[in-house]
Amino acid sequence: MDAQSGAEEVSALGDAIVGVVANPLSGRDIRRLVTQASVFPTAEKANMIQRMLTAFGAVGVHRALLSTDLGGISASVFRALERHRATGPHGHDGRWPEVEFLDGQPIRQTAQDTVDAVRRMVTAGARVIVCLGGDGTARVAASAAGDVPLLALSTGTNNVFPAVREATIAGLAAGLVATGAVPGEGATTRAKLLEVRAGDRTETALVDVAVSTERHVGARAVWDPATVTQLFCAFAEPDAVGLSSVLGQLSPVGRREPHGVTARLAAGAPRQVLAPIAPGLVVPVGVREIEPMRPGSAHRVDAWAGVIAVDGERELTFGPGDEPAVRLRADGPRCVDVPAVLAASARLGLLRRTAADLGPVDTDV
């Protein structure tokens, strides 16, 4: 498929729409206070969105749907949009797509804001959802995205699932998928996920589930591994940060491998591993039995009461009678494979242009 036929396909299917949701609170949890990690600034999140808008416009995205917030991200992008309209689509920024802010709905400053925004984007016809945040933001965005491809960019504290990637490159990949220039079947991969049930409650995780002996949710982020008795990982990479790094150093599992891994933890266990459980925090963790997790098989939680954290954040308390269990599933979110998309773009010549295509050069830029 060449660029022209891709554009014709988009015309037949309707507008190419990309949704962008940015979590204003990502990168600001308790793990930032107990370590030497830096805070991810609001200004950079807004700048990332602006760089994506430039990339969207370059590859023919018609409309971008942006979440709103009280932290200053959407306000900063709105001001940039006004400046861009005033100066015109010339210079380094190029043409931006039509931008629609998803306002008119209460902002709670909780994860529900991300869920509501992604659902509105899906309903409006978004073909790709880009989310800016950490593992927790990606988890809740994935829960609302359905089968719409997700592209998660890292702006959080523990970032295992989202990629640390230049926003311009991510914007090009998202735009090429949204316009249909690169077919979705070769441009996306299906992630694994973990499903945890406790009584009548269910949560999912994209990276890990941790069972803590603490009895209340409190500060949501888990940063003390001494309280963790069991750990379940959809994948555990050796170069990860966070709780999955414990098994990443002992029994690594890639995110594209079909199985997962689980272990029981104990401070006095003979086997110890130095694990980077948060930025600037490397601690010894005792590990007992390690077992593989096969898709569909349920693993019981040993403790009779405690708190279960999903992707590093405490979400579920449980007690006697709840009988919590964790199951690995193969039907996680569809994720945009950025290297594969841009490799396809190079193969198909989607970003190639002639001097005639570009028109006269503005020598004042």
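Quick note: residue numbers are just sequence positions, from 1. Keep in mind that this is a model prediction, so the values were computed, not measured. Side chains are part of it too, since the values below use all heavy atoms of this structure and drop only hydrogens, waters and symmetry mates.
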Chi angles and distances behind the salt bridge (Lys or Arg N to Asp or Glu O under 4.0 Å) call for K45, D69 = CA-CA 12 Å; K45 295 175 186 176; D69 64 278; over 6 Å; no

Can you measure from CG (L328) to NZ (K192) and round to the nearest 0.5 angstrom?
-> 6.5 Å

So do the side chains of V148 and R334 get within less than 4.5 Å of each other, counting heavy atoms only?
-> no

Taking the side chain as every heavy atom from C-beta outward, state whether R139 and E315 have any pair of such atoms under 4.5 Å apart.
-> yes

Name the orientation class of the two ring planes belonging to H84 and W96 (parallel below 30°, tilted from 30 to 60°, perpendicular beyond 60°).
-> parallel

Hey, could you give me the CZ/CG distance between R120 and L102, rounded to the nearest 0.5 Å?
-> 4.5 Å

Enter the distance from C233:SG to L247:CG here, rounded to the nearest 0.5 Å.
-> 4.5 Å

When rounded to the nearest 0.5 Å, the distance separating OG1 of T202 from CG of L316 is 8.5 Å

Between F232 and I308, is any pair of side-chain heavy atoms under 4.5 Å apart?
-> no

Donor + acceptor pair across side chains of Q112, D116 (<3.5 Å) | yes

Does the side chain of Q272 come within less than 4.5 Å of P284's, by heavy atoms?
-> yes

T137 vs L132 side-chain heavy atoms within contact, under 4.5 Å | no

Please confirm whether the backbone N or O of V310 pairs with a side-chain atom of E313, one donor and one acceptor, at under 3.5 Å?
-> no

Okay, side chain of T68, backbone of F101: is any donor-acceptor separation there less than 3.5 Å?
-> no

Verify whether one side chain among T189 and D337 offers a donor that lies under 3.5 Å from an acceptor in the other.
-> no

Do the side chains of H259 and M293 get nearer than 4.5 Å, heavy atoms only?
-> no

Taking C-beta and beyond as the side chain, do F235 and P252 meet within less than 4.5 Å on heavy atoms?
-> no

Do NZ/NE/NH1/NH2 and the carboxylate oxygens of R197 and E195 come within less than 4.0 Å?
-> yes

Would you give the length of the straight line joining atom OG1 of T114 to atom CZ of R108, rounded to the nearest 0.5 angstrom?
-> 11.0 Å

